[in-house]
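Read through the structure below, which is laid out as structure tokens, and then see the notes.
Keep in mind that the numbers below use all heavy atoms, side chains included, and drop hydrogens, waters and symmetry copies.
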There are 2 protein chains.
Amino acid sequence: MSGAKGVKERRTAAGGDDRDDTIALMELLFFAYRDFISDPDAILEEIGFGRAHHRIIHFVGRQPGLRVSELLGILRITKQSLGRVLRELIDKGYVFQQEGAHDRRQRLLYLTGKGRELLARLSAPQIARVRRALDEAGPGAEAAFARVLERIIDEGERGRVRQMTGREKRSG
Amino acid sequence: MSGAKGVKERRTAAGGDDRDDTIALMELLFFAYRDFISDPDAILEEIGFGRAHHRIIHFVGRQPGLRVSELLGILRITKQSLGRVLRELIDKGYVFQQEGAHDRRQRLLYLTGKGRELLARLSAPQIARVRRALDEAGPGAEAAFARVLERIIDEGERGRVRQMTGREKRSG
DNA sequence: CAGAATATGTCAGCCATATTGACATATTTC
DNA sequence: GAAATATGTCAATATGGCTGACATATTCTG
């Protein structure tokens with residue numbers, strides 16, 4: 001199971017092979033995501049919300065006027081699952097809906113002032129965490145980090161994500 | 001809310017600021033993780049398992065002889081939550097336990113042959129996805145990717161993670 | 001215009017996975 | 001011998017997913 005099986009398993013300085021290196025990176029991704037995603041938990045708990053509420057507030061905040069169907073696609077959940085949490089956000093005054101101008105079947109989603117305030121509070125620790133990591137990782141790390149993450153994303157999704165994040169085609 | 005608020009919000013080529021860039025990266029992390037983590041779902045479903053089973057099999061496979069308490073720390077769940085899933089894995093012959101040699105209270109965890117086979121199947125698409133992304137992202141991207149991820153992880157956890165992933169102190 | 005398709009919402013029941021709290025057993029440490 | 005530790009289990013509960021069925025309003029299409 002070690003070395004000499006061709007280019008795919010060339011050894012590295014540390015004595016591992018490509019496969020081990022890749023698994024180590026997968027674990028880093030697991031732990032980084034775990035810690036990153038738990039940052040807002042304390043704030044959410046104060047108001048009886050969960051991560052599902054945060055996700056909705058985040059994407060509505062980033063894309064005001066988002067359609068319900070788009071949000072379903074982003075979150076990859078069913079409308080029934082979304083429905084329960086979204087209803088709560090609307091009832092408690094964090095999100096409101098507005099009829100689409102061109103298509104009145106649509107219920108476009110927006111944050112209220114209260115919603116934007118909450119989003120700012122929830123995002124703050126996550127932004128600080130990531131920004132600090134980027135600064136410490138040295139110049140060029142941000143671009144490389146983005147390049148790898150983008151290519152981990154499903155190929156068919158990259159265009160949509162690139163557009164959402166305001167990172168247009170170009171060298172991308 | 002734009003520009004000229006000091007070094008922290010210097011503008012970039014694309015016209016965004018640091019804050020927007022960081023949020024875009026956070027979204028890339030979200031989508032990359034979402035797609036990465038769903039790769040094994042189809043295989044898991046075949047045998048009636050979920051992601052919780054995969055996580056246990058992964059970390060036991062990576063660290064044979066892992067103690068139950070260590071696994072609880074890695075997964076950040078309670079022993080009651082772990083218990084149900086671990087019991088299933090043991091009953092179905094994917095994991096076995098062995099009394100600790102020095103401390104007979106410990107139930108050290110190991111994968112059976114069947115467990116290792118399943119782990120290989122589950123990991124394959126994830127390894128392929130990440131390796132392809134690294135290759136496409138160009139030379140140096142892997143190191144930068146690792147540096148950023150590592151620094152996103154809670155500071156108090158980095159030592160443990162570094163040890164687990166076989167990436168010792170050094171420049172890291 | 002009628003009928004099909006689309007966008008959304010809601011009810012009901014179920015499942016996977018997490019939680020807290022209480023308690024039990026075996027073993028090791030003091 | 002008592003306390004601390006490592007593990008396991010029972011019961012009740014919460015969150016956030018799922019499927020299936022059905023309802024409404026609106027737009028598109030032949």
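- The phosphate of dG8(D) (OP1 or OP2) has a side-chain N or O of Q97(B) nearer than 4.0 angstrom.
- D154(A) and R76(A) are joined by a salt bridge, as a carboxylate oxygen and a charged side-chain nitrogen come within less than 4.0 angstrom of each other.
- Going from atom CG of L82(A) over to atom C1' of dC11(C) covers 16 Å, rounded to whole Å.
- Distance, H102(A) NE2 to dA25(D) P: 23 Å, rounded to whole Å.
- Contacts of G50(B) with the nucleic acid, taken as non-hydrogen atoms under 4.0 Å apart, involve only primed sugar atoms and P, OP1 or OP2.
- Atom CG of L109(B) is separated from atom C1' of dT7(D) by 11 Å (rounded to the nearest Å).
- For R84(A) and E88(A), the salt-bridge test fails: no basic side-chain N is under 4.0 Å from an acidic carboxylate O.
- Annotation: side chain of L149(A) is in contact with side chain of F145(B) (closest heavy-atom distance under 4.5 Å).
- To the nearest angstrom, P of dT17(C) lies 13 Å from NE2 of H54(B).
- A salt bridge does not link R105(A) to E99(A): none of the charged nitrogens lies less than 4.0 Å from a carboxylate oxygen.
- Between S81(A) and dC18(D) there is a side-chain N or O to OP1 or OP2 distance below 4.0 Å.
- In this model, no side-chain donor or acceptor of Q80(B) finds a partner on the base of dG8(D) within 3.5 Å.
- Contact annotation: R104(B) side-chain N/O to dT27(C) OP1/OP2 distance is under 4.0 Å.
- Nearest-nucleotide assignment on DNA chain D puts the 5′-proximal partner with K79(B), out of F49(A) and K79(B).
- Nucleotide dT9(D) holds its C1' atom 16 Å from the CD atom of E88(B), rounded to whole Å.
- Using a 4.0 Å cut-off, some side-chain N or O of S69(A) falls inside it from OP1 or OP2 of dT8(C).
- Nearest-nucleotide mapping onto DNA chain D: of R105(B) and A52(A), the residue sitting toward the 5' end is R105(B).
- Residue T78(A) places at least one side-chain N or O under 4.0 Å from the OP1 or OP2 atom of dC18(D).
- When the side-chain nitrogen and oxygen atoms of R87(A) are compared with OP1 and OP2 of dG9(C), none of them lie within a distance under 4.0 Å.
- Summarising the geometry, the separation between CG on D103(A) and P on dA5(C) is reported as 17 Å, rounded to the nearest angstrom.
- Contact annotation for R51(B): backbone-only contact, meaning every heavy-atom pair under 4.0 Å involves sugar-phosphate atoms and none involves a base.
- In this structure, the CD atom of E99(B) is 18 Å from the P atom of dT25(C), given to the nearest Å.
- A salt bridge is absent between E157(B) and R162(B); no separation between the charged side-chain nitrogens and carboxylate oxygens falls under 4.0 Å.
- Following rounding to the nearest Å, I37(A) (CD1) and dA18(C) (C1') show an atom-to-atom distance of 16 Å.
- Here R55(B) reaches the OP1 or OP2 of dA18(C): one of its side-chain N or O atoms lies under 4.0 Å away.
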